[in-house]
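Proteins come first, then strands; the chains are lettered A, B, ... in the order of their sequence lines, and each starts at number 1.
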Number of protein chains: 2
Amino acid sequence: MTFVFNEREKCGSCPIRHRAICARCDEDELTLLEGMKSYQTFEAGQPIIWRGDDLTHFASLVSGIASLSRTLEDGRTQMVGLLLPSDFIGRPGRETVDFDVTAVTEVTLCRFQRRPFEDLVERVPHISQRMMEMALDELTAAREWMVLLGRKTAREKIATFLEMIVRRETVPTQSIQEYQLPLTREEIANFLGLTLETISRQLTSLKKDGVVEFIDRRHFRIKDLNALHLASGDDADGGVIV
Amino acid sequence: MTFVFNEREKCGSCPIRHRAICARCDEDELTLLEGMKSYQTFEAGQPIIWRGDDLTHFASLVSGIASLSRTLEDGRTQMVGLLLPSDFIGRPGRETVDFDVTAVTEVTLCRFQRRPFEDLVERVPHISQRMMEMALDELTAAREWMVLLGRKTAREKIATFLEMIVRRETVPTQSIQEYQLPLTREEIANFLGLTLETISRQLTSLKKDGVVEFIDRRHFRIKDLNALHLASGDDADGGVIV
DNA sequence: CGGCTTGTTGATTTAACTCAATGCCCGTGG
DNA sequence: CCACGGGCATTGAGTTAAATCAACAAGCCG
């Protein structure tokens, strides 16, 4: 079953149908969205929108990975979130964009023009309800990341990051699995509030300690999940039984 | 006009009527909330709810200041937000609480039992719409704080913090005004991801540089607003005309 | 086969932390 | 009324985790 990113495609078979902003919509509401949507694709590395730009469209990320970040004048950059399929871009009620959005991999967006979509948010409770849920989830994630940025050591930061990747991708039954780093060392550094050299050093340190194993620069395996969790600095009990 | 925190009081004259979760509600919807609300007061320093606790009530903060924070096992604490009047506590759809909530000053909450309130969120679009707006605003604030925690220097962090206080309290016309630090040095440190000694040192440094002036430990005046803004590390142009 | 991007490793510096002493303010009780 | 003690804040001395600067290695692509 392939879904082609074409406006004539039905939303019903869209890969993010049940997680995106439309998750709670019924058939009729979906038809409204169907009439408004348009797709747009960005190559890896391309900027999608800059902070301060006029917000002409809202969008759901359908495929690929994008980053949300802010750069200070002297070039210091902090990533404030990774956008994955079903994540939403734009803030109804605002005229401009607060953070830079950049395609990390090739990205496809399902876009809606601002005005018509804002009207829909007002008129269709299923959309504002879903938007509320998603915003609250992201808020919790952002706050947890604040703890990481403010209080964790470099090693804890990387361990947390690796654990996050493992959790996202793991189906509980899978055993020794290969995972992929979606970001370069520099991007990881900007996500964790560190420098790329520190990322490199801490990765080799985790490697030396037998926690992870690298197939190549971008692919790794977890050799000791319990040790990884301990290294993350989170809740000592939370993970595997000791 | 005094508003007494008594269940028989009408919501119409509540001090946070037009900013809280009820902001968009009409008279009828307000009556529903009126029938559900109860007030609770906490002394300064008291815990309001702990991470992991069952969420029995949602609440709007009516008066005072509370903090939202997380503490790692070894005692490292990171504050992830300050709750001010009209801010909301609790996440509809979750059973437990994600962060510790503590009264910084004396705090009064307007509370709603979980189940009935969750039903209301489903049935009354004005509530989910307002909740969405508030969550999105907080999300932007949280992300901006992530930039501070991940990339700003100690001096920039404190300057940003002071500027935040000044912005919150200032009516544009006011001139040389006195502001109050709502937190102790230690609490500021936990908010900014620093230690209390660093807070102290940086405050005296800003004092020496003629940026601020202290009346006592908790009260200060801004001597050079432009310099304060420059020290915050934010957008070089954003503030006062150079 | 170079040239470019990305990543690793080493040497050195530095901003912020830690540890420790002292000061200040305020309330309480002799 | 003054002494004492506890909480909060300041300041100093020394340490350290991560940043910076710099060289080099490993892929990758035309």
Discussion item. Heavy-atom nearest nucleotide on DNA chain C for A:R151 versus A:R217: which residue maps closer to 5'?
Written reply: A:R217
Fill in: DNA chain C: 5'-most and 3'-most nucleotides touching chain A, 4.0 angstrom heavy-atom criterion
C:dT6 to C:dA11
Item to complete: Identify whether any heavy atom of A:L194 sits under 4.0 Å from a base atom; if not, whether one sits that close to sugar-phosphate; answer base, sugar-phosphate or nothing.
Response: sugar-phosphate
Item to complete: In plain terms, say whether B:R185 and B:E197 are close enough for a salt bridge, that is, a side-chain N and a carboxylate O under 4.0 Å apart.
Response: no
Worksheet item: Reckon A:T184 touches a base, only the sugar-phosphate, or nothing at all at heavy-atom distances under 4.0 Å?
Response: sugar-phosphate
Worksheet item: Regarding A:R51 and the six-membered ring of A:F99, is the cationic atom NZ or CZ under 6.0 Å from the ring centre and inside 45° of its axis?
Response: no
Fill in: B:E7 (side chain) donor-acceptor with B:Y39 (main chain) under 3.5 angstrom
yes
Worksheet item: Do B:V107 and B:I65 come close enough that some side-chain heavy atom pair is under 4.5 Å?
Response: no
Fill in: Sugar-phosphate, base or nothing in reach of B:S200, heavy atoms under 4.0 Å
base
Worksheet entry | salt_bridge(A:E163, A:R167) N-O dist < 4.0 Å | yes
Discussion item. Could you tell me the boundaries of the chain B footprint on DNA chain D, defined by atoms under 4.0 Å from its heavy atoms?
Written reply: D:dC8 to D:dA13
Worksheet item: Just by modelled atom types, is the B:L196 backbone N or O under 3.5 Å from a matching donor or acceptor in the B:S200 side chain?
Response: no
Worksheet item: When we call it a touch if two heavy atoms are under 4.0 Å apart, what does B:R185 touch: a base, just sugar-phosphate, or nothing?
Response: sugar-phosphate
Fill in: Whichever of A:E197 and A:K152 has its nearest DNA chain D nucleotide further upstream toward 5'
A:K152
Discussion item. Classify A:L203 by what it touches in the nucleic acid, base, sugar-phosphate, or nothing, heavy-atom distance under 4.0 Å.
Written reply: nothing
Worksheet item: With distance as the sole test, does A:R70 use its side chain to make a donor-acceptor pair with the main-chain N or O of A:D98 at under 3.5 Å?
Response: yes
Worksheet item: Is the side chain of B:Q46 donor-acceptor paired with the backbone N or O of B:A103 at a distance under 3.5 Å, no angle test?
Response: no
